[in-house]
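Take a look at the structure below.
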There are 2 protein chains.
Amino acid sequence: MVHLFSRHRPPSQGRGEDTRRRILETALQVFATEGYEGASTRQLAEHAGVNLPAIQYYFGSKEGLFRAVIESIIERTESHMAPLAVEVKAALADPTVPNATLLELLCSMLEAFVSLVTGGPHVEAKRQLFARSEVEDAPGLELLHESGKHHVFTPCRELVARMLRASPDDDQIELRTMALLGQVTIFCHKGAHEPGLTPERVQAIQGLVREHTLAIFQVLQSEASVH
Amino acid sequence: MVHLFSRHRPPSQGRGEDTRRRILETALQVFATEGYEGASTRQLAEHAGVNLPAIQYYFGSKEGLFRAVIESIIERTESHMAPLAVEVKAALADPTVPNATLLELLCSMLEAFVSLVTGGPHVEAKRQLFARSEVEDAPGLELLHESGKHHVFTPCRELVARMLRASPDDDQIELRTMALLGQVTIFCHKGAHEPGLTPERVQAIQGLVREHTLAIFQVLQSEASVH
DNA sequence: GACATAGTCTATCGGCCGATATAAATGCGT
DNA sequence: ACGCATTTATATCGGCCGATAGACTATGTC
């Protein structure tokens with residue numbers, strides 16, 4: 001409660017930075033596998049090789065540590081999606097952009113979404129935490145959920161709306177966009193890591209999501225042009 | 001531990017049945033909103049209007065109560081999917097069935113899946129628990145996950161494999177089926193209940209999932225026939 | 001009315017939780 | 001070498017957890 005705005009960053013002058021980062025990174029793993037409530041401070045401390053009060057010292061509280069973990073993921077999400085976000089924004093601002101370009105951008109968004117949750121360091125942990133943000137209720141998870149909405153869902157929804165000549169606030173557009181994104185989010189669930197998400201499988205996922213998306217809008221637009 | 005096989009059903013001759021059912025039904029709600037670890041026995045007892053030891057008396061333990069809740073959901077899942085499962089099994093056994101019929105069955109499966117997680121009594125709770133089964137780890141959740149796999153995923157995968165003339169064990173078939181089902185499972189997540197899943201929205205979801213699925217296989221099969 | 005059984009109650013156990021008080025150690029400028 | 005701030009360690013607090021012991025009540029049978 002007290003640390004909502006103070007961020008409780010102790011005035012470390014470089015000496016404790018190592019410890020702080022080690023706690024942060026191991027906490028990502030523990031929170032991902034055990035959940036927020038399931039991970040105990042003793043467990044978190046042990047995995048980081050520090051003693052219990054170090055968590056309060058560096059992050060103020062268990063909740064503070066969790067929020068720090070979430071924020072670090074959000075930062076990486078933003079930087080991962082940023083370049084594409086610029087392209088999408090530009091395309092949406094220009095009313096002359098053809099549907100083919102919009103469709104290609106949508107496919108790229110979905111592809112980037114796949115690589116976001118299946119690539120980079122700490123993939124497994126990120127994937128699990130992202131999945132939890134869609135289900136659990138924990139002190140900072142709504143931030144992660146909102147981040148996904150803002151950086152992935154909203155741009156996709158606007159692309160879909162433009163292609164189908166509808167308002168982005170149209171309920172059907174929203175539902176359709178969710179269905180499209182569901183093709184990706186399901187790979188954050190348990191079933192996805194039984195044989196493991198090898199690079200080949202990731203590439204296969206990206207390929208077939210693209211196939212599906214292209215097929216859907218190919219048919220949807222040809223039907224629309226008939227009417 | 002002790003009650004793994006005994007199911008700890010006390011020899012109630014009707015008198016305690018009411019209490020037992022009341023605990024079971026309110027527990028469904030509490031477990032759904034709070035999660036397995038998040039729901040305390042005191043909370044469960046209070047919501048059911050009983051005192052604490054009643055849970056041990058009727059279900060042996062908190063875990064026993066949770067397993068009972070899960071099993072009741074699985075039973076309803078089975079009876080909900082059973083009629084369609086028969087049709088699918090018959091179609092798969094007959095090698096002369098045309099693709100159009102298989103595709104129609106796949107659409108029906110997805111439609112039934114939607115109505116499974118968005119209809120019937122205790123919808124919200126069922127939806128949330130189903131979502132949790134894809135993310136959390138709790139004593140009986142793997143049963144629910146397996147049930148979904150057996151009653152929804154596997155039939156769909158076999159239909160997809162047949163339509164695309166591939167083995168059901170083909171990795172790409174599996175991934176493709178997951179993507180299709182993801183269109184539905186995403187509506188079990190948090191975002192789905194902000195404006196609420198009204199009957200109109202449910203119908204809209206069923207309609208567009210059908211549209212998407214038809215479009216995907218229309219294109220996929222026309223491409224296959226070209227080669 | 002005595003008794004057995006089923007069901008409900010109060011009180012309490014040991015254990016793990018997050019957090020803190022506080023002491024010990026560490027490194028650094030001087 | 002000393003003083004001081006930073007960092008790490010020990011010991012412990014109050015609180016909630018799941019589970020149980022055991023007394024009490026209601027009900028149906030003879």
Side-chain angles (χ1 to χ4, degrees), chain A residues 1-4 6-24 26-27 30-31 33-70 136-140, chain B residues 1-4 6-24 26-27 30-31 33-70 136-140:
Chain A
M1 290 295 188
V2 174
H3 308 283
L4 275 175
S6 69
R7 307 211 6 103
H8 196 88
R9 185 178 278 270
S12 73
Q13 299 150 358
R15 276 210 294 139
E17 277 301 317
D18 281 2
T19 310
R20 189 189 153 91
R21 182 160 32 233
R22 197 169 65 250
I23 295 175
L24 197 64
T26 56
V30 178
F31 277 129
T33 59
E34 309 291 334
Y36 175 70
E37 298 204 318
S40 74
T41 52
R42 286 163 177 82
Q43 209 178 344
L44 290 161
E46 195 184 351
H47 273 79
V50 299
N51 33 81
L52 214 170
I55 287 166
Q56 273 75 17
Y57 179 72
Y58 282 101
F59 298 93
S61 65
K62 179 185 173 182
E63 178 178 331
L65 171 55
F66 187 70
R67 298 192 107 102
V69 168
I70 297 297
E136 268 181 36
D137 253 339
Chain B
M1 289 296 189
V2 174
H3 307 283
L4 274 174
S6 67
R7 304 210 7 103
H8 196 89
R9 188 177 276 271
S12 73
Q13 299 150 359
R15 275 209 296 139
E17 276 301 312
D18 280 2
T19 310
R20 189 189 154 91
R21 183 161 30 234
R22 198 170 63 249
I23 295 175
L24 198 64
T26 55
V30 178
F31 277 130
T33 58
E34 309 292 334
Y36 174 69
E37 297 203 320
S40 75
T41 52
R42 284 164 177 83
Q43 209 177 345
L44 290 161
E46 194 184 350
H47 273 80
V50 299
N51 32 78
L52 214 171
I55 287 166
Q56 273 76 18
Y57 179 73
Y58 282 102
F59 299 93
S61 64
K62 177 185 174 181
E63 176 176 335
L65 171 54
F66 187 70
R67 299 192 106 101
V69 168
I70 296 297
E136 268 181 35
D137 253 338

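Chain A is the first sequence line, chain B the second, and so forth, proteins listed ahead of strands; every chain is numbered from 1.
Proximity note for B/Pro53 (side chain, C-beta onward) versus C/dT10, D/dT10, C/dG18: the nearest is C/dT10. When each of D/dA19, C/dT8, D/dT7 is scored by its nearest atom to the side-chain atoms of B/Thr19, the top-ranked nucleotide is C/dT8. Comparing C/dA11, D/dT8, C/dG7 by their closest approach to the side chain of B/Tyr57 singles out C/dG7.
Here A/Arg67 pairs with A/Glu63 in a salt bridge; the nearest charged N to carboxylate O distance falls below 4.0 Å.
Between the side chain of A/Arg20 and the backbone N or O of A/Tyr58, at least one donor-acceptor pair lies under 3.5 Å.
Rounded to the nearest 0.5 Å, atoms CD1 (B/Ile23) and CD1 (B/Ile55) are 6.0 Å apart. Atoms CZ and CD1, from B/Phe31 and B/Ile70 in turn, are 8.5 Å apart once rounded to the nearest 0.5 Å. Interatomic distance, CD of B/Glu34 versus CD of A/Glu37, reported as 8.0 Å (0.5 Å rounding).
Here D/dG18 presents its P atom at 13 Å from CZ of B/Phe66, a figure rounded to the nearest Å. As rounded to whole Å, 13 Å separates atom P of C/dG27 from atom CG of A/Asp18. Atom pair A/Leu44:CG and C/dC16:P shows a separation of 17 Å (rounding to whole Å applied). Between B/Lys62 atom NZ and D/dT20 atom C1' there is a gap of 17 Å when expressed in whole angstrom units. Atom CZ of A/Arg21 is separated from atom C1' of D/dT7 by 17 Å (rounded to the nearest Å). Whole-Å rounding puts the A/Ile23 CD1 to D/dT8 C1' distance at 11 Å. Atom CD of A/Gln43 is separated from atom P of C/dG18 by 9 Å (rounded to the nearest Å). Across the protein-nucleic acid pair, A/Arg20 atom CZ and D/dT8 atom C1' stand 17 Å apart, rounded to whole Å.
At a threshold of 4.0 angstrom between heavy atoms, the contacts of A/Ala39 are confined to the sugar-phosphate backbone, with no base atom among them. Residue contacts for B/Ile55: at a heavy-atom cut-off of 4.0 Å it reaches no nucleic acid atom on any strand shown.
For A/Ser40, no side-chain nitrogen or oxygen approaches OP1 or OP2 of C/dC16 to under 4.0 Å. A sub-4.0 Å separation between OP1 or OP2 of D/dA19 and a side-chain N or O of B/Gln56 is present. For C/dA19, neither phosphate oxygen OP1 nor OP2 lies less than 4.0 angstrom from any side-chain nitrogen or oxygen of A/Thr41.
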